[in-house]
Amino acid sequence: MVEQFVGTWTLLSSENFDEYMKAIGVGFATRQMGNMAKPNLVISVDDAGMVSMRSETTFKTTEIKFKLNEEFDETTADGRKTKTLITLENGKLVQQQTWEDKNTTLAREVQDGKLTAKCVMGDVVAVRIYEKGA
């Protein structure tokens, strides 16, 4: 299931993230912090199948807890209130966020010991690569 995602992941590289944040409507000041942050992504799963995904930075820590294939209300790090659905598709953890009349997709997959997060909003794509910590 999501076992390959479990662990602590440190951001190695980030490509086009500022453009992605602009596309989803993040303000200038928040984008500046978002661009400087080097988050740790901590993913765990409990015995009941509840998945926790925590993003830790020096500025802010956010956490979502969810079950696969069950929609939930999420307040994002930038303050958006979204309806979020996370599914497992072909080994990828696919997160769909919907708010107002918009929606964005964040697809995470593990390959060669690295976690790649592909963030898509319309025709804007950001790619963030994480490395698993010790």
Side-chain angles (χ1 to χ4, degrees):
M1 195 170 109
V2 297
E3 284 71 26
Q4 72 267 31
F5 295 96
V6 170
T8 300
W9 302 86
T10 304
L11 184 67
L12 276 184
S13 68
S14 183
E15 184 183 305
N16 214 32
F17 193 56
D18 189 59
E19 289 302 312
Y20 172 75
M21 287 190 290
K22 263 189 223 169
I24 61 172
V26 177
F28 179 77
T30 304
R31 286 202 325 271
Q32 294 305 306
M33 287 193 297
N35 285 322
M36 286 190 302
K38 295 279 182 250
N40 281 340
L41 187 61
V42 183
I43 301 174
S44 60
V45 60
D46 70 15
D47 295 338
M50 184 69 76
V51 181
S52 163
M53 209 176 331
R54 195 168 68 237
S55 177
E56 303 172 338
T57 70
T58 50
F59 302 115
K60 187 175 213 173
T61 294
T62 59
E63 181 175 27
I64 55 173
K65 291 186 180 217
F66 60 92
K67 283 198 169 177
L68 287 174
N69 308 313
E70 289 183 18
E71 188 176 70
F72 62 97
D73 293 319
E74 176 184 2
T75 300
T76 63
D78 60 329
R80 287 173 295 125
K81 295 195 181 317
T82 68
K83 289 281 184 199
T84 299
L85 177 67
I86 300 179
T87 55
L88 194 61
E89 299 171 25
N90 303 321
K92 294 181 185 176
L93 211 47
V94 180
Q95 180 176 0
Q96 293 270 354
Q97 295 175 332
T98 307
W99 73 105
E100 294 160 11
D101 58 351
K102 302 177 181 139
N103 99 31
T104 184
T105 303
L106 297 91
R108 296 174 178 92
E109 89 181 293
V110 176
Q111 287 181 316
D112 304 325
K114 301 218 178 349
L115 187 151
T116 301
K118 187 174 170 186
C119 312
V120 180
M121 176 72 184
D123 59 359
V124 177
V125 178
V127 176
R128 291 163 72 80
I129 297 174
Y130 295 81
E131 184 174 58
K132 199 164 198 175

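Because only heavy atoms are used, hydrogens play no part in the values below, and waters and symmetry mates are left out as well, while side chains stay in.
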4.5 Å side-chain heavy-atom contact, [X] and [Y]:
X     : Y      : answer
Thr30 : Phe59  : no
Thr82 : Asp73  : no
Thr62 : Arg54  : no
Ile24 : Val124 : no
Phe5  : Arg108 : yes
Ile43 : Val2   : no
Leu12 : Thr10  : no
Gln96 : Thr84  : no

Practice problem: Would you please test Leu88 and Leu93 for side chain to side chain contact (heavy atoms under 4.5 Å, CB included) and show each step? | Solution: CA-CA 5 Å; Leu88 194 61; Leu93 211 47; 3.9 Å; yes
Is [Y] reachable from [X] through a run of hydrophobic residues whose side-chain heavy atoms are each under 4.5 Å from the next?
X      : Y      : answer
Leu106 : Val127 : no
Leu68  : Val6   : yes
Val51  : Trp9   : yes
Met33  : Leu11  : no
Leu41  : Val45  : yes

Contact summary for [X] and [Y], nearest pair of heavy atoms:
X      : Y     : result
Thr105 : Val94 : CG2-CG1, 3.8 Å
Pro39  : Ala37 : CD-O, 3.4 Å
Ser52  : Glu63 : OG-OE2, 2.5 Å

Exercise. For atom CG of Asp46, decide whether the heavy atoms of other residues, nucleotides or ligands shown that lie under 6.0 angstrom number more than 12.
Key: yes
Quiz item: Do other residues, nucleotides or ligands put more than 12 heavy atoms under 6.0 Å from the NZ atom of Lys81?
Solution: no
Interatomic spacing from [atom1] in [X] to [atom2] in [Y] - rounded to 0.5 Å:
X      : Y      : atom1 : atom2 : value
Glu71  : Thr98  : CD    : OG1   : 7.0 Å
Tyr130 : Thr116 : OH    : OG1   : 10.5 Å
Thr8   : Leu115 : OG1   : CG    : 11.5 Å
Arg31  : Asp78  : CZ    : CG    : 11.0 Å
Tyr20  : Met121 : OH    : CE    : 7.5 Å
Ile64  : Ile86  : CD1   : CD1   : 4.0 Å

Self-check item: Modelled atom types, side-chain donor and acceptor of Gln95 and Glu74, under 3.5 Å
Solution: yes
Quiz item: Run the side chain to side chain contact (heavy atoms under 4.5 Å, CB included) check on Phe72 and Lys67 step by step: do they pass?
Solution: CA-CA 9 Å; Phe72 62 97; Lys67 283 198 169 177; over 6 Å; no
Quiz item: Step by step, would you call Lys118 with Val125 a side chain to side chain contact (heavy atoms under 4.5 Å, CB included)?
Solution: CA-CA 7 Å; Lys118 187 174 170 186; Val125 178; 3.9 Å; yes
Exercise. Say whether, by atom type as modelled, one donor and one acceptor occur between the side chain of Thr87 and the main chain of Asn69 under 3.5 angstrom.
Key: no
Self-check item: Check ion pair Lys92-Glu89 (N to O, under 4.0 angstrom)
Solution: no
Quiz item: Does NZ or CZ of Arg128 lie under 6.0 Å from the centre of the six-membered ring of Phe17, at an angle within 45° of the ring axis?
Solution: yes
Self-check item: Result of checking Arg80, Lys102, Lys83 against Gln97 for side-chain hydrogen bond (donor to acceptor under 3.5 Å, both in side chains)
Solution: Arg80
